[in-house]
Protein chains: 2
Amino acid sequence: MKRNTWQREAVRTELSRAEGFVSAQGLHSALHTSGSPIGLATVYRALADLALEGDADSLQSPDGESLYRACSTTEHHHHLICRNCGLTVEIEVAAIENWATEEAAKHGFTEAAHVIDIFGLCAACTALASARPTA
Amino acid sequence: MKRNTWQREAVRTELSRAEGFVSAQGLHSALHTSGSPIGLATVYRALADLALEGDADSLQSPDGESLYRACSTTEHHHHLICRNCGLTVEIEVAAIENWATEEAAKHGFTEAAHVIDIFGLCAACTALASARPTA
DNA sequence: TTTGGTGCAAATAGTTTGCATTGTA
DNA sequence: TACAATGCAAACTATTTGCACCAAA
């Protein structure tokens, strides 16, 4: 039987408070900042459980980190994520959903789950980047 | 100036020989099996270069590994990946490309890189699945 | 009380990097 | 000859796991 601990609750809360996707590490430090002395391993375990139970959605960022977000079971939408500051904008397009499904079906695939997310630099970070170039 | 070494050539060759996506580690051991004493770091560096030059396509597997694939054309396309047998089908749709770019621009994002991949069960695996259910 | 959960630290896994050496241009 | 590329091993990052301890049921 799953037990109800404040740690799980904290992770769940912080996850749903987050606008879009958050990394386990990010969520952990956010919790620490909020005063929770929760352990990193616990955060990982809680997130893994949430994902398993279907309460969280996860995807891999281009950098190879696992990102999680609270799963609004009903409808699913996609995100525009700033790779610098983490700003997330929700974008939803039924057209794309259909496209994905059809494209899969066209090739005989079933149980298609798509990963459609756009990583970029938000306006603010773009400005910063041009002010202080990386290279 | 980029130099032409047999190691690069080996990586390039092995990559195009592979049917679908391969991990750096997998490619490395495949090369070793073929008798190439190439170093793992070199494989990583070669793959990174190939991806940078646009000769290879890369994506993150659900396990967090970086997978690479020879990129036939200069344009980039997306994939339909069977989560059971690994069969990969390239799908390309200018419409989606544009959509992604526009959606990003609409929100002031720059340097947008999108992750659009569809994981599902290919026809063959679907048949197998119904014959011998997983759960 | 029972036993799953937690925290810490050590262990993994994948990938990157420093540096002396090698080989291409 | 000169300098990019290689190989090795150490360094890193993200994540997982073993284990003793704690607390929910």
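Lettering follows sequence order; numbering is per chain, from 1.
- Note: CD1 (A:Ile38) to P (D:dC22) measures 18 Å, nearest angstrom.
- In summary, of the residues considered (A:Leu15, A:Thr42, A:Leu67), a side-chain contact (heavy atoms from CB on, under 4.5 Å) with A:Leu47 occurs for A:Leu15 alone.
- Closest contact between the side chain of B:Gln25 and the listed nucleotides C:dG7, C:dG14, D:dC8 involves C:dG14.
- With respect to A:Glu14 and A:Arg17, a salt bridge is recorded, a charged nitrogen being found less than 4.0 Å from a carboxylate O.
- Minimum atom distance to the side chain of A:Ala41 is reached by C:dC8, of the listed C:dC8, C:dG14, C:dG18.
- Residue A:Tyr44 places at least one side-chain N or O closer than 4.0 Å to OP1 or OP2 of D:dT15.
- Scanning both residues, B:Glu65 and B:Ser23, for their nearest heavy atoms gives OE2-CB, 3.4 Å.
- Note on A:Arg8: only backbone sugar-phosphate atoms sit closer than 4.0 angstrom, heavy atoms only; bases stay farther off.
- The side chain of B:Glu65 lies closest to C:dT15 when the candidates are C:dG5, C:dT15, C:dT17.
- Both A:Thr42 and B:Leu40 sit near DNA chain C, but only A:Thr42 has its closest nucleotide nearer the 5' end.
- For the pair A:Arg3 and A:Ser23, both in contact range of DNA chain D, the more 5′-proximal nearest nucleotide belongs to A:Ser23.
- Side-chain nitrogen and oxygen atoms of A:Gln60 include none within less than 4.0 Å of the OP1 or OP2 phosphate oxygen of D:dA14.
- Remark: the A:Arg45 side chain and the C:dG4 base include no donor-acceptor N/O pair separated by less than 3.5 Å.
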Verdict with supporting geometry, A:Arg8 and A:Lys2, side-chain contact (heavy atoms from CB on, under 4.5 Å): CA-CA 10 Å; A:Arg8 303 255 170 176; A:Lys2 282 243 182 298; 4.2 Å; yes

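- At whole-Å resolution of the value, CG in B:Leu31 and P in D:dT6 are 12 Å apart.
- Contact annotation: B:Gln7 does not reach the phosphate of C:dT22 (side-chain N/O to OP1 or OP2, under 4.0 Å).
- For B:Thr5, no side-chain nitrogen or oxygen approaches OP1 or OP2 of C:dG23 to under 4.0 Å.
- The distance from atom NE2 of A:His28 to atom P of D:dT13 is 16 Å, rounded to the nearest whole Å.
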